[in-house]
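To find a chain, count down the sequence lines: A is the first, B the second, and so on, and within it residues start at 1. Because only heavy atoms are used, hydrogens play no part in the values below, and waters and symmetry mates are left out as well, while side chains stay in.
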Amino acid sequence: MIVVSDWQKALIRWFRRHGKSYPWRETKDPYKILVSELMLQQTRIRTVLDKRFYENWLEKFPDIETLARADESEVLKAWEGLGYYNRARNLQKAAREIVEKHHGKFPEKHEQVLNLPGVGPYTAGAVCSFAYDMPLPIVDGNVVRVLSRVLQYKKPVDTSAGRKTLWQEAERLTCQSSPADYNSAIMELGQQICLKGTPKCGQCPVSSFCGSKDSPDAAALPQKSKPVPVTRKTEEVALLLCEGRVLLTTETGSRRKGLLRLPLLEEIDANDLELIGQITYSITRYQVEMRIFGNPYYKKFQKRTHFATGEWFDLTEELPALGAPYLKAIEQFTESKSGNL
DNA sequence: AAACCGGGGAC
DNA sequence: GTCCCAGGTTT
């Protein structure tokens with residue numbers, strides 16, 4: 001049986017000694033914290049930090065009003081490469097809602113925060129505990145791993161019953177006096193100590209509370225119910241270059257909504273295209289083999305052809321936001337041949 | 001409840 | 001190759 005106050009004390013003590021410093025931990029501004037939380041949904045901290053997404057975003061959109069007024073294309077450009085682009089669109093929607101419904105002032109009630117677009121139970125709890133010191137539980141991937149091991153919860157965690165149980169346990173264990181440090185602590189424990197494969201039980205500050213301590217089946221927790229089947233697909237795209245411009249079309253459907261892409265081969269009617277390369281990438285449950293067809297420099301168009309779909313964009317200027325594979329394809333096939341465009 | 005939504009790093 | 005990351009929304 002866990003003595004809750006001892007559990008909290010041990011975690012917080014460890015965190016205050018070993019916790020890392022992140023930009024979003026140096027602020028109490030709810031907007032800045034919301035930005036970090038949206039960026040970090042299903043995204044590693046290193047990705048956000050290494051590519052400077054967070055810093056660049058706050059430089060471009062330092063406050064809610066600026067974000068609310070921005071063009072969506074600008075918002076998506078700042079998110080380019082991060083993935084899950086609805087997060088960026090929701091962040092701007094949230095900013096616009098705050099301007100309209102809350103007179104530009106970030107809402108201070110948990111329920112209001114929870115009602116913002118793109119904000120679910122985790123993000124609302126994170127924003128309110130970090131910015132306002134509200135004693136709210138949060139359950140992210142780290143907390144799921146820590147709690148399922150500590151409590152030896154062996155049922156699947158990715159069911160409504162599993163989620164309900166873990167949220168209840170998180171609420172029972174959460175800290176009233178230092179909720180921000182506690183929530184940071186339990187997540188960081190999952191990140192530094194309670195690792196996916198081989199947890200470092202020898203270094204764990206709460207191993208004495210843990211039902212899975214040094215147990216071989218700790219690595220088997222948390223249990224997941226649904227393995228995701230991968231479907232293989234091929235995609236034939238056209239990389240058309242002419243007079244220093246590239247032909248792009250808009251994404252259709254919900255995937256990468258609002259971004260641009262290389263046109264599908266079937267969307268255009270161009271002769272004499274050659275297979276110039278292949279890139280394999282994964283998107284959600286698909287593994288895509290992208291076959292790239294182009295007009296090599298020696299067959300370059302004499303002038304920019306008008307196609308039924310697509311628009312020519314100047315490569316010397318900033319392109320609109322593109323999905324990562326298309327950006328990669330363009331970079332790969334323009335850097336060495338740029339003199340021949 | 002299940003499907004969908006990106007991209008990349010760790011293993 | 002597989003797993004999963006400071007999850008949320010839609011169907």
Which of these nucleotides, C:dA6, B:dG6, C:dT9, is closest to any side-chain atom of A:Asn90?
C:dT9
Considering every strand and a 4.0 Å limit on heavy-atom distances, what is the contact class for A:Gly118: base, sugar-phosphate, or nothing?
sugar-phosphate
Length of the line joining A:Met290:CE and B:dG7:C1', which is rounded to integer Å:
14 Å
Is a side-chain donor-acceptor pair under 3.5 Å present for A:Gln41 with A:Thr123?
yes
B:dC5 phosphate, OP1 or OP2: any side-chain N/O from A:Arg89 under 4.0 angstrom?
no
Taking only the side-chain nitrogens and oxygens of A:Arg163, find out if one of them lies under 4.0 Å from OP1 or OP2 of C:dG7.
no
Answer with yes or no whether the side chains of A:Thr280 and A:Gln287 bring together a donor and an acceptor at under 3.5 Å.
no
Taking A:Ser212 for the side chain and A:Ser215 for the main chain, is one N or O donor matched with an acceptor at less than 3.5 Å?
no
For A:Ser73, does its backbone N or O pair with a side-chain atom of A:Asp71 as donor and acceptor, under 3.5 Å?
no
Mind checking if A:Ser184 touches a base, just sugar-phosphate, or nothing, with heavy atoms under 4.0 Å?
nothing
Within the structure shown, what part of the strands sits under 4.0 Å from A:Val143 by heavy-atom distance: base, sugar-phosphate, or nothing?
nothing
Tell me what A:Pro227 touches on the nucleic acid: a base, only sugar-phosphate, or nothing, going by heavy atoms under 4.0 Å.
nothing
Report yes if at least one side-chain N or O of A:Ser160 is closer than 4.0 Å to OP1 or OP2 of B:dA1; otherwise report no.
yes
From C-beta outward on A:Tyr84, which listed nucleotide comes closest to its side chain: C:dG1, B:dG6, C:dC5?
B:dG6
Determine yes or no for a side-chain-to-main-chain donor-acceptor pair under 3.5 angstrom, with A:Arg87 supplying the side chain and A:Leu38 the backbone.
yes
Does A:Ala126 reach a base, just sugar-phosphate, or nothing at all? Heavy atoms under 4.0 Å.
nothing
Measuring to OP1 and OP2 of B:dG9, would you say a side-chain N or O of A:Arg44 lies under 4.0 angstrom away?
no
Near DNA chain C, counting only heavy atoms under 4.0 Å, which residues of residues 131-138 of chain A show up?
none
Applying a 4.0 Å non-hydrogen cut-off, can you work out what A:Leu38 is touching in the nucleic acid: base, sugar-phosphate, or nothing?
nothing
Provide the distance between the two P atoms, one in B:dC5 and one in C:dA6, to the nearest whole Å.
23 Å
Does OP1 or OP2 of B:dC5 have a side-chain N or O of A:Asn86 closer than 4.0 Å?
no
So, the side chain of A:Glu311 versus the backbone of A:Leu248: is there a donor-acceptor pair under 3.5 Å, distance only?
no
Quick one: is A:Gln41 getting a side-chain N or O under 4.0 Å of the C:dG7 phosphate, OP1 or OP2?
no
Length of the CG-P vector between A:Leu322 and B:dG6, whole Å:
14 Å
Of A:Lys328 and A:Thr159, the one whose closest nucleotide on DNA chain B sits nearer the 5' end is A:Thr159
Using a 4.0 Å heavy-atom cut-off across all strands, classify A:Tyr85 as base, sugar-phosphate, or nothing.
sugar-phosphate
Respond yes when some side-chain nitrogen or oxygen of A:Thr43 is under 4.0 Å from OP1 or OP2 of C:dC5, and no when none is.
no
Checking the side chain of A:Asn295 only, and the main-chain atoms of A:Leu241 only, is there a donor and an acceptor separated by less than 3.5 Å?
yes
Hey, does the side chain of A:Tyr22 come within less than 4.0 Å of C:dA6's phosphate (OP1/OP2), counting only N and O?
no
For A:Tyr281 and B:dG9, give me the distance from atom OH to atom C1', rounded to whole Å.
19 Å
Quick check on B:dG7: is either OP1 or OP2 less than 4.0 Å from any side-chain nitrogen or oxygen of A:Lys51?
no
Side chain of A:Ile45, heavy atoms from C-beta onward: which of C:dG7, C:dA6, C:dG8 has the nearest atom to it?
C:dA6
Counting the atoms with a prime plus P, OP1 and OP2 as sugar-phosphate, which does A:Gly190 contact under 4.0 Å by heavy atoms, base, sugar-phosphate, or nothing?
nothing
A:Leu114 or A:Asn142: which one's nearest nucleotide on DNA chain C is closer to the 5' end?
A:Asn142
Categorize A:Thr123 for me: base, sugar-phosphate, or nothing, with a 4.0 angstrom heavy-atom threshold over every strand shown.
sugar-phosphate
Heavy atoms only, 4.0 Å cut-off, all strands: where does A:Arg46 land among base, sugar-phosphate and nothing?
nothing
Under 3.5 Å, is there a donor-acceptor pair between the A:Ser184 and A:Asp181 side chains?
no
Whichever of A:Arg256 and A:Thr47 has the more 5' nearest nucleotide on DNA chain B, that residue is A:Arg256
Does A:Arg87 have a side-chain nitrogen or oxygen under 4.0 Å from the phosphate oxygens OP1 or OP2 of B:dC5?
no
What interatomic distance, in whole Å, is found between P of B:dG8 and the corresponding atom of C:dG8?
23 Å
Check: A:Leu322 main-chain N/O paired with A:Glu80 side-chain donor or acceptor under 3.5 Å:
yes
Mark yes or no for whether A:Asp158, through its side chain, and A:Lys224, through its backbone, hold a donor-acceptor pair below 3.5 Å.
no
C:dA6 base / A:Arg25 side chain donor-acceptor hit below 3.5 Å
yes
